[in-house]
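Report on one structure; see the data block that follows.
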Amino acid sequence: MSLRLFLRFRVLSRMKYNINHTALRYFHGEPNEATPGVSVIQVKRTLKSFNVNFLEGHACIITACPVCETDKKKDSKVYINKTTGFFMCETCRHSGPWSTLEKFLLPKKSSEIVQELKAFKEVLQVKEDFTKKWTKLKKTLKSITELSDQNYKDVLNIHRLPDVSKESMDQLDCLYDVSTNNVYFPLITSSGSIVGYKCLSKASKKEKTEPTSDTSGLIIYKQRSTKCDGTAVVVPTIQDLLVLISHRSANVVICLPYGLQTIPQEILPSLETYKKLILWFGNDEPSWDTARQFAKKLDERRCHFVRPIIQQPSPKIAATMNYDLKAILQKATPIWHKSITTFESLRQDVLSDLQNIDKVQGVKWKRYPTLNRILKGHRRGEFTVLTGPTGSGKTTFMSEYSLDLAMQGVNTLWGSFEIRNARLARTMLQQMVGLPLDNNLQNFDTYADAFQELPIYFMTFHGQQSVKIVMEAVEHATYVHDIAHVIIDNVQFMMGMSEESKHIDRFWKQDGIVAAFRTFATKYNCHVTLVIHPRKERDSEELTTSSIFGGAKASQEADNILIIQDKRLTSVRGKKYLQVAKNRYSGDLGIMTMDFDKSSLSYAPKKKSKSESAKDAGDSKKEDPENESNLSNQRKNQEIKHQEQ
Ligand SMILES: Nc1ncnc2c1ncn2[C@@H]1O[C@H](COP(=O)(O)OP(=O)(O)OP(=O)(O)O)[C@@H](O)[C@H]1O
């Protein structure tokens with residue numbers, strides 16, 4: 001345990017946390033630092049072996065902070081995340097991976113080790129204390145409750161906020177900026193420290209959060225003169241929070257810092273005191289998906305959910321419809337199902353699915369209407385395989401396909417083993433702005449700022465990697481950043497050396513990788529897209545589902561198979577197109593032409609003038625292969641099923 005080792009670790013962990021705040025959020029390839037992946041049993045065993053008393057909470061293990069102890073501070077608690085091992089102390093604000101805390105917990109430390117720990121502590125990650133910034137803001141801004149009654153009402157009207165009394169608002173301690181009309185709500189931890197704020201902006205009409213990621217604070221409202229029974233209602237927006245406050249619908253209401261986008265593991269300590277959390281997010285599919293995802297982090301056994309049916313929209317909408325908010329909250333049911341369930345407990349889910357049929361079909365692409373028609377949308381928990389000849393544009397297409405979804409809020413994790421992340425990010429940036437970047441360098445910062453807002457994360461793996469390490473990184477990122485779409489480009493980079501003689505082995509290896517990602521997609525309710533090269537086929541032959549490299553596993557396990565077909569080399573009028581060769585959700589198959597626009601690196605269909613579209617509509621009936629009849633689609637699907645059997 002030398003100081004050198006500690007310092008090396010520090011550089012990596014610092015890089016990890018700092019880079020998280022920038023556009024490209026990287027994960028490191030080193031097994032220990034990148035993917036803590038500590039089991040709760042392991043943590044408990046170590047604590048017991050060190051004779052350390054601890055409490056097992058819902059999402060964290062709680063014990064006295066050994067980092068504070070070195071300063072002889074007493075009564076400080078450290079929270080250790082049960083899934084990742086990430087620790088956070090509410091007093092000294094140190095945080096980091098379990099492997100670091102373990103060193104501080106060692107019972108008998110030689111004086112040499114004590115010295116090393118002191119030096120190490122200096123360089124440990126410390127969560128930013130926002131109190132000073134907040135105090136500064138307080139000097140320049142007004143407390144909202146200081147406004148005259150009329151002005152206070154005007155501010156509520158400007159932001160279309162419900163009629164919350166000044167007394168209730170006073171508890172939230174929010175500030176008002178007279179010059180911009182913005183309202184600031186502090187984000188507070190359970191120990192009372194201010195760690196950021198949520199701002200209702202008049203100009204953008206949106207909620208903005210500072211810091212932009214990984215805050216440990218929440219907006220917590222507790223009704224005065226009522227006893228907390230350990231229940232809190234959790235809502236995504238300030239509007240929802242204020243509605244519940246103004247209707248006095250719950251004793252404790254908590255507003256999440258980043259809405260439905262992500263729930264940082266840093267806020268879990270502040271939620272430990274609640275025995276029951278009622279998640280009230282809204283009655284559409286994304287809200288429902290998010291609730292299930294968040295509940296996994298919060299500990300499903302204490303989570304209840306306001307089911308997403310028409311009579312139970314988000315608090316804000318329910319209030320405008322004059323629904324009884326208390327009655328809706330009383331109908332909240334547990335998220336956690338036992339292994340055996342009955343139709344009685346499923347009926348609300350079935351009803352919700354039927355009422356939300358369009359949204360259940362998934363997130364629709366903005367750039368590919370044809371894909372929406374065939375695949376209906378992009379759904380969580382599915383497994384997609386993309387294949388196509390070498391250099392046919394698999395990466396370029398997948399880049400635009402995933403960008404489109406990320407721009408609609410799908411949290412995305414890219415594993416690009418073949419091309420460098422910087423090149424991939426550049427392709428995506430160009431696809432986002434639709435212009436060649438080198439000719440528009442003067443606007444780079446504007447473009448980059450917009451790109452930085454997107455929920456896209458990149459793994460820093462490059463070249464050959466073991467499946468175990470990649471899977472650990474993917475599972476970790478899915479937990480920490482609530483990832484909904486993982487892309488692996490391409491599978492061949494997880495299969496070791498590529499000698500022809502080892503072909504049989506490689507088939508087996510690929511089957512193992514496919515099985516691992518299939519299981520992951522289902523277990524974590526996350527969409528996985530694997531890019532797989534085809535087997536060597538003759539150029540003149542079309543690729544089919546059986547052309548995918550490896551055994552039949554990939555085509556059997558996939559929910560969707562997408563194949564890029566390049567007919568330009570074999571026929572004069574040949575085109576490049578994307579074939580949907582398998583679609584488990586609706587069974588519809590078909591093709592989408594891929595006209596490449598070099599300046600925007602895009603395959604999206606170009607917008608046509610009215611006369612052109614009218615002409616095309618006539619022509620396409622005659623010859624457009626995209627209009628294959630459903631009958632032939634069904635026949636093709638049956639053929640695939642037959643092959644699989
Ligand atoms: N339809 C097209 N016409 C012309 N150039 C294209 C087309 N599609 C992609 N490209 C360009 O071809 C190059 C290779 O594309 P890309 O890396 O996406 O292919 P790939 O199928 O992923 O390759 P590999 O088989 O090596 O993985 C890129 O520079 C891309 O901009």
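Numbers for residues simply follow the sequence, beginning at 1. Remember, it's 1-based here, ligands and their atoms both numbered in the order they're listed. Computed over heavy atoms, backbone and side chain alike; hydrogens, waters and symmetry mates excluded.
A 4.5 Å side-chain heavy-atom check between F458 and L413 finds every atom pair outside the cut-off.
Of all the atoms in ligand 1, the ones that sit under 4.0 Å from a non-hydrogen atom of E418 are 24 (P), 26 (O), 27 (O). In summary, the atoms of ligand 1 found under 4.0 Å from a heavy atom of K394, numbered by their order in the structure, are 18 (O), 19 (O), 20 (P), 21 (O), 22 (O), 24 (P), 25 (O), 27 (O). For ligand 1, the atoms sitting less than 4.0 Å from at least one non-hydrogen atom of T396 are 15 (O), 16 (P), 18 (O), 30 (C), numbered in the order shown with element in parentheses. Residue contact check: T390 has heavy atoms under 4.0 Å from atoms 25 (O) of ligand 1. Per-residue contacts place K576 under 4.0 angstrom from the following atoms of ligand 1 (heavy atoms of the residue considered): 1 (N), 2 (C), 7 (C), 8 (N).
Among protein heavy atoms, atom 31 (O) of ligand 1 sits closest to F596 CZ, 3.7 Å.
The backbone N or O of D482 sits nowhere less than 3.5 Å from a side-chain atom of Q293 that would complete a donor-acceptor pair. With hydrogens and angles ignored, the 3.5 Å screen pairs no side-chain donor or acceptor of Q510 with any backbone N or O of Q492.
Remark: aromatic rings of Y401 and W365 are close, center separation under 6.0 Å.
Atom CZ of R426 has 12 or fewer neighbouring heavy atoms from other residues, nucleotides or ligands inside a 6.0 Å radius. Heavy atoms of other residues, nucleotides or ligands lying less than 6.0 angstrom from CZ of F444 number 12 at most.
At least one heavy atom of Y603 sits less than 4.0 Å from an atom of ligand 1. Under a 4.0 angstrom heavy-atom cut-off, M398 registers as lying outside contact with ligand 1.
Some N or O of S392 is nearer than 3.5 Å to an N or O of ligand 1, by distance alone. The distance criterion of under 3.5 Å between nitrogen or oxygen atoms is met by G391 with respect to ligand 1. For a threshold of 3.5 Å applied to N or O pairs, the pair formed by R423 and ligand 1 contains no separation below that value. The shortest N or O to N or O distance between G393 and ligand 1 is under 3.5 Å.
When the heavy atoms of L601, T395, D595, L386 are ranked by distance to atom 17 (O) of ligand 1, first place goes to T395.
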(request) Before giving the answer on side-chain contact (heavy atoms from CB on, under 4.5 Å), spell out for V531 and V385 the whole-Å C-alpha distance, their side-chain angles and the decisive distance to 0.1 Å. (result) CA-CA 6 Å; V531 179; V385 169; over 6 Å; no

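For atom 13 (C) of ligand 1, the nearest protein heavy atom lies 4.0 Å away or farther. In this structure, atom 29 (O) of ligand 1 has no protein heavy-atom contact shorter than 4.0 Å.
In summary, D559 and R518 engage in a salt bridge, as defined by a charged side-chain N under 4.0 Å from a carboxylate O.
The proximity of K598 to ligand 1, defined as any non-hydrogen pair under 4.0 Å, does not occur for either the backbone or the side chain.
In this pair, F397 and Y603 present their aromatic rings perpendicular. The plane angle is above 60°, beyond the 30 to 60° band.
Both the sub-6.0 Å distance and the 45° axial angle are not jointly satisfied by K376 relative to the ring of Y585.
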